[in-house]
Amino acid sequence: MAFSSMPDKTIQQTPPRSWPQGQRRRLAVLVSGRGSNLQALHQSAQAYGFALDWLIVANRKDSKGLIWARDHGLETELLLHSDFASREEFDRQLAYRLNRFEPHLVVLAGFMRILTDVFFGAFHGPTINIHPSLLPAYPGLQTHARALQDGVAVHGATVHSVTPQVDHGPILAQAVLGVSHQDDEKRLGARVLEMEHKLLPMVTWALLRDDLQLIDGRWSLCRPQSDLPQGLQFSSCLFHPQLVVSPR
Ligand code: GRF
(Lines give C-alpha, C1' and ligand atoms only; values in the text may rest on other atoms or scores of the structure.)
Protein backbone atom coordinates (compact mmCIF):
# COMPACT_ATOMS: atom_id res chain seq x y z
CA MET A 1 0.00 0.00 0.00
CA ALA A 2 1.49 3.35 -1.02
CA PHE A 3 1.26 5.66 1.93
CA SER A 4 2.43 8.63 -0.13
CA SER A 5 -0.93 8.73 -1.88
CA MET A 6 -2.85 8.65 1.34
CA PRO A 7 -4.43 11.62 3.05
CA ASP A 8 -2.75 13.91 5.52
CA LYS A 9 -1.32 12.21 8.62
CA THR A 10 -3.28 14.39 11.00
CA ILE A 11 -6.95 13.70 11.41
CA GLN A 12 -8.65 17.05 11.39
CA GLN A 13 -11.99 17.19 13.09
CA THR A 14 -14.51 19.63 11.72
CA PRO A 15 -17.52 20.06 13.98
CA PRO A 16 -20.13 17.49 13.02
CA ARG A 17 -23.73 18.53 12.52
CA SER A 18 -26.02 17.85 15.43
CA TRP A 19 -29.45 16.24 15.25
CA PRO A 20 -32.35 18.69 14.94
CA GLN A 21 -32.36 21.48 17.51
CA GLY A 22 -34.50 20.86 20.53
CA GLN A 23 -34.25 17.08 20.23
CA ARG A 24 -32.30 14.85 22.60
CA ARG A 25 -30.77 11.47 21.93
CA ARG A 26 -30.44 8.67 24.46
CA LEU A 27 -27.10 6.89 24.36
CA ALA A 28 -26.29 3.77 26.37
CA VAL A 29 -22.62 2.84 26.73
CA LEU A 30 -21.56 -0.56 28.09
CA VAL A 31 -18.15 -0.81 29.73
CA SER A 32 -16.10 -3.29 31.72
CA GLY A 33 -12.76 -1.60 32.21
CA ARG A 34 -10.90 1.67 31.94
CA GLY A 35 -13.51 3.46 29.82
CA SER A 36 -11.27 5.66 27.71
CA ASN A 37 -13.60 5.32 24.72
CA LEU A 38 -16.52 6.34 26.91
CA GLN A 39 -14.58 9.41 27.99
CA ALA A 40 -13.70 10.22 24.38
CA LEU A 41 -17.37 10.02 23.45
CA HIS A 42 -18.38 12.22 26.33
CA GLN A 43 -15.66 14.78 25.65
CA SER A 44 -16.63 14.93 21.99
CA ALA A 45 -20.32 15.41 22.88
CA GLN A 46 -19.40 18.16 25.34
CA ALA A 47 -17.13 19.87 22.83
CA TYR A 48 -19.88 19.95 20.23
CA GLY A 49 -22.67 20.71 22.70
CA PHE A 50 -24.74 17.68 21.71
CA ALA A 51 -27.95 17.11 23.65
CA LEU A 52 -27.66 13.60 25.05
CA ASP A 53 -29.02 11.53 27.89
CA TRP A 54 -26.53 8.90 28.96
CA LEU A 55 -26.86 5.51 30.58
CA ILE A 56 -23.61 3.78 31.45
CA VAL A 57 -23.88 0.06 32.22
CA ALA A 58 -20.95 -1.83 33.70
CA ASN A 59 -20.57 -5.49 34.63
CA ARG A 60 -17.64 -4.89 37.00
CA LYS A 61 -17.73 -2.68 40.03
CA ASP A 62 -14.04 -1.80 39.69
CA SER A 63 -14.53 -0.54 36.14
CA LYS A 64 -12.75 2.80 35.89
CA GLY A 65 -15.27 3.77 33.23
CA LEU A 66 -18.11 3.22 35.69
CA ILE A 67 -16.36 5.23 38.40
CA TRP A 68 -15.59 8.02 35.94
CA ALA A 69 -19.24 8.10 34.80
CA ARG A 70 -20.48 8.37 38.38
CA ASP A 71 -17.99 11.14 39.09
CA HIS A 72 -19.31 13.01 36.10
CA GLY A 73 -22.94 12.71 37.13
CA LEU A 74 -24.04 10.30 34.39
CA GLU A 75 -26.77 7.77 35.05
CA THR A 76 -25.12 4.43 35.75
CA GLU A 77 -26.17 0.85 36.32
CA LEU A 78 -23.95 -1.86 37.73
CA LEU A 79 -24.99 -5.33 36.62
CA LEU A 80 -22.55 -7.66 38.30
CA HIS A 81 -22.48 -10.83 36.30
CA SER A 82 -21.60 -12.76 39.45
CA ASP A 83 -25.06 -11.84 40.80
CA PHE A 84 -26.76 -13.87 38.11
CA ALA A 85 -27.24 -17.61 38.03
CA SER A 86 -26.51 -17.86 34.31
CA ARG A 87 -25.29 -15.89 31.34
CA GLU A 88 -28.86 -15.87 30.04
CA GLU A 89 -30.20 -14.36 33.27
CA PHE A 90 -27.63 -11.58 33.03
CA ASP A 91 -28.56 -10.94 29.40
CA ARG A 92 -32.27 -10.82 30.23
CA GLN A 93 -31.65 -8.19 32.89
CA LEU A 94 -29.34 -6.20 30.63
CA ALA A 95 -31.97 -6.18 27.88
CA TYR A 96 -34.65 -5.19 30.40
CA ARG A 97 -32.57 -2.28 31.67
CA LEU A 98 -31.78 -1.08 28.16
CA ASN A 99 -35.41 -1.39 27.06
CA ARG A 100 -36.43 0.78 30.01
CA PHE A 101 -33.98 3.47 28.90
CA GLU A 102 -35.10 3.22 25.24
CA PRO A 103 -31.74 4.21 23.78
CA HIS A 104 -31.40 5.49 20.24
CA LEU A 105 -28.08 3.63 20.23
CA VAL A 106 -26.11 1.23 22.40
CA VAL A 107 -22.31 1.36 22.24
CA LEU A 108 -20.16 -1.49 23.51
CA ALA A 109 -16.94 0.27 24.49
CA GLY A 110 -14.68 -2.33 26.03
CA PHE A 111 -17.58 -4.45 27.27
CA MET A 112 -15.92 -7.80 27.98
CA ARG A 113 -18.97 -9.96 27.96
CA ILE A 114 -20.29 -12.29 25.31
CA LEU A 115 -23.97 -11.65 24.68
CA THR A 116 -26.24 -14.63 24.07
CA ASP A 117 -29.28 -15.06 21.87
CA VAL A 118 -31.38 -14.20 24.92
CA PHE A 119 -30.08 -10.65 24.73
CA PHE A 120 -30.70 -10.36 20.99
CA GLY A 121 -34.17 -11.84 21.43
CA ALA A 122 -35.11 -9.30 24.09
CA PHE A 123 -33.37 -6.12 22.92
CA HIS A 124 -33.71 -4.93 19.34
CA GLY A 125 -32.16 -1.47 19.37
CA PRO A 126 -29.13 -0.61 17.25
CA THR A 127 -25.96 -1.77 18.97
CA ILE A 128 -22.36 -1.20 17.90
CA ASN A 129 -18.98 -2.35 19.16
CA ILE A 130 -15.47 -0.98 18.82
CA HIS A 131 -12.75 -3.55 18.26
CA PRO A 132 -8.98 -2.96 18.17
CA SER A 133 -8.17 -4.57 14.82
CA LEU A 134 -9.13 -4.38 11.19
CA LEU A 135 -11.88 -6.95 11.24
CA PRO A 136 -12.32 -9.58 9.99
CA ALA A 137 -8.63 -9.90 10.92
CA TYR A 138 -7.94 -10.63 14.58
CA PRO A 139 -11.31 -11.04 16.28
CA GLY A 140 -10.98 -11.78 19.99
CA LEU A 141 -8.22 -10.73 22.36
CA GLN A 142 -4.56 -9.66 22.13
CA THR A 143 -5.06 -8.21 18.70
CA HIS A 144 -1.93 -6.02 18.71
CA ALA A 145 0.42 -8.82 19.73
CA ARG A 146 -1.06 -11.11 17.10
CA ALA A 147 -0.77 -8.45 14.40
CA LEU A 148 2.89 -7.83 15.29
CA GLN A 149 3.59 -11.53 15.38
CA ASP A 150 2.23 -11.84 11.85
CA GLY A 151 4.31 -8.89 10.67
CA VAL A 152 1.34 -7.04 9.18
CA ALA A 153 1.98 -3.69 7.48
CA VAL A 154 -1.36 -2.15 8.45
CA HIS A 155 -3.47 -2.44 11.55
CA GLY A 156 -6.25 -0.40 13.14
CA ALA A 157 -9.70 -0.40 14.67
CA THR A 158 -13.20 -1.26 13.53
CA VAL A 159 -16.67 -0.14 14.55
CA HIS A 160 -19.28 -2.72 13.63
CA SER A 161 -22.84 -3.68 14.40
CA VAL A 162 -23.19 -6.22 17.17
CA THR A 163 -24.62 -9.58 16.18
CA PRO A 164 -24.71 -12.89 18.07
CA GLN A 165 -21.37 -13.81 16.49
CA VAL A 166 -18.65 -12.06 18.51
CA ASP A 167 -16.60 -9.42 16.61
CA HIS A 168 -18.59 -10.00 13.45
CA GLY A 169 -21.48 -7.97 12.13
CA PRO A 170 -21.62 -5.34 9.40
CA ILE A 171 -18.69 -2.94 9.49
CA LEU A 172 -19.48 0.76 9.86
CA ALA A 173 -16.03 2.28 9.73
CA GLN A 174 -12.36 1.47 10.14
CA ALA A 175 -9.33 3.46 11.15
CA VAL A 176 -6.13 2.24 9.54
CA LEU A 177 -2.50 2.88 10.46
CA GLY A 178 0.79 1.68 9.12
CA VAL A 179 2.76 -0.51 11.50
CA SER A 180 6.17 0.96 12.25
CA HIS A 181 9.36 -0.95 13.05
CA GLN A 182 9.33 0.91 16.37
CA ASP A 183 6.01 -0.59 17.40
CA ASP A 184 5.85 -3.07 20.21
CA GLU A 185 2.53 -4.27 21.60
CA LYS A 186 2.21 -1.33 23.98
CA ARG A 187 3.13 1.33 21.46
CA LEU A 188 0.92 -0.11 18.75
CA GLY A 189 -1.97 -0.46 21.18
CA ALA A 190 -1.61 3.17 22.21
CA ARG A 191 -1.56 4.33 18.60
CA VAL A 192 -4.67 2.32 17.77
CA LEU A 193 -6.44 3.57 20.89
CA GLU A 194 -5.76 7.17 19.89
CA MET A 195 -7.53 6.46 16.62
CA GLU A 196 -10.39 4.66 18.35
CA HIS A 197 -11.05 7.83 20.31
CA LYS A 198 -11.72 9.68 17.04
CA LEU A 199 -13.42 6.87 15.16
CA LEU A 200 -16.03 5.93 17.76
CA PRO A 201 -17.46 9.44 18.29
CA MET A 202 -17.55 10.03 14.55
CA VAL A 203 -19.58 6.89 13.90
CA THR A 204 -21.78 7.41 16.95
CA TRP A 205 -22.79 10.93 15.91
CA ALA A 206 -23.39 9.80 12.32
CA LEU A 207 -25.73 7.05 13.56
CA LEU A 208 -27.54 9.35 15.97
CA ARG A 209 -28.07 11.80 13.09
CA ASP A 210 -29.48 8.94 10.96
CA ASP A 211 -26.74 9.52 8.39
CA LEU A 212 -26.05 5.82 7.88
CA GLN A 213 -28.33 3.09 6.70
CA LEU A 214 -28.00 -0.67 6.62
CA ILE A 215 -28.91 -2.08 3.23
CA ASP A 216 -28.62 -5.80 2.53
CA GLY A 217 -26.28 -6.25 5.48
CA ARG A 218 -23.96 -3.36 4.57
CA TRP A 219 -23.74 0.15 5.92
CA SER A 220 -23.75 3.13 3.63
CA LEU A 221 -23.98 6.87 3.99
CA CYS A 222 -27.31 8.37 3.11
CA ARG A 223 -26.41 12.04 3.51
CA PRO A 224 -23.84 14.53 2.29
CA GLN A 225 -20.41 14.09 3.84
CA SER A 226 -19.25 17.66 4.03
CA ASP A 227 -18.69 17.69 7.79
CA LEU A 228 -16.63 14.51 8.05
CA PRO A 229 -13.03 14.75 9.24
CA GLN A 230 -10.49 15.18 6.49
CA GLY A 231 -8.94 11.93 5.39
CA LEU A 232 -12.10 9.99 5.86
CA GLN A 233 -13.17 8.14 2.78
CA PHE A 234 -16.92 7.82 2.68
CA SER A 235 -18.46 7.31 -0.69
CA SER A 236 -21.57 5.76 -2.01
CA CYS A 237 -19.60 2.82 -3.34
CA LEU A 238 -17.22 2.39 -0.39
CA PHE A 239 -19.06 0.79 2.47
CA HIS A 240 -16.02 0.40 4.68
CA PRO A 241 -14.92 3.97 5.11
CA GLN A 242 -11.33 4.24 6.17
CA LEU A 243 -9.54 6.74 8.28
CA VAL A 244 -5.95 6.52 7.17
CA VAL A 245 -2.83 7.88 8.82
CA SER A 246 0.78 7.40 7.82
CA PRO A 247 3.19 5.40 9.95
CA ARG A 248 5.15 7.37 12.53
C1 GRF B 1 -10.60 -0.83 23.30
O2 GRF B 1 -9.38 -1.11 22.72
C3 GRF B 1 -11.73 -1.37 22.47
O4 GRF B 1 -11.45 -1.38 21.10
C5 GRF B 1 -11.86 -2.77 22.98
O6 GRF B 1 -11.62 -2.69 24.35
C7 GRF B 1 -10.81 -1.56 24.61
C8 GRF B 1 -11.54 -0.73 25.62
O9 GRF B 1 -10.75 0.33 26.09
N10 GRF B 1 -13.14 -3.36 22.66
P11 GRF B 1 -11.41 1.44 27.00
O12 GRF B 1 -12.07 0.72 28.16
O13 GRF B 1 -12.41 2.17 26.16
O14 GRF B 1 -10.29 2.30 27.45
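Index from 1, following the sequence. Whatever order the structure lists ligands and atoms in, that order sets their numbers, starting from 1. Being a predicted model, the structure only gives us computed values, none of them experimental.
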### Message
Once side chain to side chain contact (heavy atoms under 4.5 Å, CB included) is applied, do any residues pair with D150, and if so which ones, sequence neighbours excluded?
### Response
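Result, side chain to side chain contact (heavy atoms under 4.5 Å, CB included) vs D150: Y138, V152.
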### Task
Please list, chain by chain and in numerical order, all residues satisfying side chain to side chain contact (heavy atoms under 4.5 Å, CB included) with T116, sequence neighbours excluded.
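Side chain to side chain contact (heavy atoms under 4.5 Å, CB included) check on T116 returns R87, E88, D91, V118.
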### Query
Which of these passes side chain to side chain contact (heavy atoms under 4.5 Å, CB included) with V192: L177, L199, D183?
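Only match with V192 under side chain to side chain contact (heavy atoms under 4.5 Å, CB included): L177.
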### Message
Taking D184 first and then K186, would you say they form a salt bridge - that is, a charged N and a carboxylate O separated by under 4.0 Å?
### Response
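Salt bridge: no.
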#### Entry: Proximal protein residues to ligand 1, non-hydrogen atoms under 4.0 angstrom
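Heavy-atom contacts below 4.0 Å: R34, G35, S36, N37, G110, I130, H131, P132, E196.
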### Residues clustering with F111 (ILVMFWY side chains joined when closer than 4.5 Å, directly or via others)
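Answer for F111: L30, L55, V57, L79, F84, F90, L94, L98, F101, V106, L108, L115, F119, F120, F123, V162.
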### Query
In terms of the angle between their ring planes, are F50 and W19 parallel, tilted or perpendicular, with boundaries placed at 30° and 60°?
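Ring orientation of F50 relative to W19: tilted.
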